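Notes to accompany the following structure.
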Amino acid sequence: MSVRTLPLLFLNLGGEMLYILDQRLRAQNIPGDKARKVLNDIISTMFNRKFMEELFKPQELYSKKALRTVYDRLAHASIMRLNQASMDKLYDLMTMAFKYQVLLCPRPKDVLLVTFNHLDAIKGFIQDSPTILHQVDETFQQLTETYGGLSAGEFQLIRQTLLIFFQDLHIRVSIFLKDKVQNSNGRFVLPVSGPLPWGTKVPGLIRTFNNKGEEVRKAEFKHGGSYVAAPKEGSFELYGDRVLKLGTNMYSVNRPVETHMSGASENLAAQTQESIAPNPLAKEELNLLARLIGGMEIKKPSGPEPGFRLNLFTTDEEEEQAALTRPEELSYEVINIQATQDQQTNEELARIMGEFEILDQPRRSASKGDDLLAMMDEL
């Protein structure tokens, strides 16, 4: 398991979340100023400098349930509200989209290009907000410094860690099913055609060398695919052609998206509930959740800027039905942390619990003038 995986997982899932929210805000005809405010608030919270510093420290991945709690707080960092069924669907779409991208990465290193595609698109959402743009550019610089010098083997370990995280998720997504890249059992279809990884040759030739390094024989074979050499390598610079399209916004065209639990996932949920809801008392998860609960302050709609509810389903009836039919084991509810028994023996845990208690102190009213960045700087 790579200890450098968490930033890539968080940023790519966050990028997919923003794609989906942007599409639903447009589909529900939310006024442009409100939609921009929602995306700006979420992005500025997501790329907060102090949180990014914590995120980039070498550490193990958090559990699915802990990450689900993080994105719940993140999605509610503005005036928009999602109910449980819509939040579950949002998280399902996020995770399946990024799983597909990781599976189809030509090279393990290309997961970094996927991340840059997400950051490029996020910057498109905030062109009129230079302060938030600067936050995203700082994160890009951190990514370059952290991952720029890693070997192919280290990237392979990161990719393997991501695939282990997604291993038991087989949720059917209508876009993938219509494009015939996902089977009815929720598993993805890997192509046997298209561009090859940069630096590799089209398969079909076996060359044999002697002990002096001299080529002594050639043999051709039929590979059964339709491959082409990559035209060029994607750019790892701040601005440039990524070449790879994985990680770009597949919701840029207004398409209805549905999710369905596959039979395999439902059966697996009953058998492996522990893998989805592990012990939340792990120090790393508490660190992350404590900081986010303190920083991702949920704004209460007030004054001239009332909040609104976003529905990820076509109708309210579909949303209600989804809430009733979703397997209980796969409903990611907020983690209830009971750690008081360990406070006397674990000073670090006591300090973290103290950060949670800050929430009980009176805060300024979340009015229109409140600055989300200032609230996070109070940490």
Side-chain angles (χ1 to χ4, degrees), residues 2-19 21-22 36-59 61-62 67 70-71 73-75 77-78 94 98 101 109-150 154-155 158 162 234-242 244 247-249 284 287-297 299 355 370-379:
S2 172
V3 295
R4 293 288 186 187
T5 308
L6 184 60
L8 298 178
L9 179 64
F10 176 81
L11 292 171
N12 284 289
L13 288 179
E16 288 299 321
M17 180 180 76
L18 291 165
Y19 292 166
L21 293 179
D22 172 65
R36 283 191 297 273
K37 175 175 174 54
V38 168
L39 294 179
N40 283 0
D41 285 349
I42 292 175
I43 294 170
S44 65
T45 306
M46 178 178 169
F47 289 92
N48 172 262
R49 180 181 297 176
K50 289 185 178 181
F51 175 59
M52 283 293 119
E53 290 174 356
E54 290 295 324
L55 192 73
F56 274 83
K57 291 179 180 178
Q59 55 197 299
L61 282 186
Y62 304 102
L67 276 177
V70 169
Y71 288 109
R73 302 294 297 194
L74 189 58
S78 188
M94 291 158 50
F98 186 42
Q101 293 156 13
K109 184 179 181 180
D110 288 337
V111 71
L112 197 54
L113 291 177
V114 174
T115 310
F116 291 165
N117 275 336
H118 281 115
L119 293 189
D120 291 343
I122 288 171
K123 288 162 70 173
F125 292 141
I126 50 172
Q127 288 296 335
D128 58 344
S129 305
T131 302
I132 309 175
L133 271 171
H134 181 66
Q135 288 179 260
V136 179
D137 285 342
E138 282 187 336
T139 300
F140 187 100
Q141 185 64 33
Q142 283 182 287
L143 285 166
T144 302
E145 293 173 357
T146 302
Y147 298 98
L150 296 189
E154 288 171 308
F155 274 111
I158 288 173
L162 288 169
S235 172
F236 290 89
E237 302 299 323
L238 180 59
Y239 301 101
D241 183 4
R242 311 299 177 199
L244 192 69
T248 55
N249 190 353
E284 293 82 5
N287 272 323
L288 177 61
L289 294 177
R291 284 176 173 79
L292 285 181
I293 289 175
M296 294 181 181
E297 181 70 18
K299 292 193 172 184
E355 294 183 20
D370 281 340
D371 186 349
L372 194 62
L373 291 175
M375 285 192 287
M376 294 200 68
D377 287 338
E378 290 174 6
L379 288 177

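For clarity, every value in this text was computed on a predicted model and none was experimentally measured.
Residues Arg49 and Glu138 are in side-chain contact: their nearest non-hydrogen atoms beyond the backbone lie under 4.5 Å apart. Side-chain contact between Leu244 and Phe116: absent, with no pair of heavy atoms (C-beta onward) separated by less than 4.5 Å. Counting only heavy atoms from C-beta outward, the side chains of Met46 and Leu11 approach each other to under 4.5 Å. Annotation: side chain of Thr5 is in contact with side chain of Leu162 (closest heavy-atom distance under 4.5 Å). Counting only heavy atoms from C-beta outward, the side chains of Phe236 and Lys109 approach each other to under 4.5 Å. Side-chain contact between Met52 and Phe10 is present, with heavy atoms from C-beta onward closer than 4.5 Å. Counting heavy atoms from C-beta outward, Asn117 and Gln101 have side chains that stay 4.5 Å or more apart. Contact check for Asn249 versus Leu18: no side-chain heavy atoms found under the 4.5 Å cut-off.
Side chain of Gln59 to backbone of Glu54: a donor-acceptor contact under 3.5 angstrom is found. Thr146 places no side-chain N or O within 3.5 Å of a backbone atom of Leu143 that could act as its donor or acceptor partner. Judged by distance alone, with hydrogens and angles left aside, the side-chain atoms of Tyr147 form no donor-acceptor pair with the main-chain N or O of Gln142 at under 3.5 Å.
Here Glu16 contributes atom CD and Tyr71 contributes atom OH; the two are 10.5 Å apart, rounded to the nearest 0.5 Å. Distance check, rounded to the nearest 0.5 Å: NE2 of His118 to OH of Tyr19 gives 4.5 Å. Separation of atoms CD1 (Ile122) and CD1 (Ile132) is listed at 11.5 Å; rounding is to 0.5 Å. The CG atom of Asp120 lies 10.0 Å from the CG atom of Leu113; values are rounded to the nearest 0.5 Å. With rounding to the nearest 0.5 angstrom, the OG1 atom of Thr139 is 10.0 Å from the CD atom of Glu53. Within the model, atoms CG of Leu55 and CG of Asn48 stand 11.0 Å from one another, a figure rounded to the nearest 0.5 Å.
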Chi angles and distances behind the side chain to side chain contact (heavy atoms under 4.5 Å, CB included) call for Phe155, Asp110: CA-CA 9 Å; Phe155 274 111; Asp110 288 337; over 6 Å; no
Side chain to side chain contact (heavy atoms under 4.5 Å, CB included) between Gln135 and Ile126, intermediate numbers included: CA-CA 11 Å; Gln135 288 179 260; Ile126 50 172; over 6 Å; no
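Side-chain contact, Asn12 with Thr115: a donor N or O sits under 3.5 Å from an acceptor N or O.
Heavy-atom contacts from other residues, nucleotides or ligands closer than 6.0 Å to CD of Glu237 number 12 or fewer.
Annotation for Ile42 and Ala75: closest pair CD1-O, 3.9 Å, computed over non-hydrogen atoms. The heavy-atom pair separating Ser129 from Asn40 by the smallest distance is OG-ND2, 3.0 Å.
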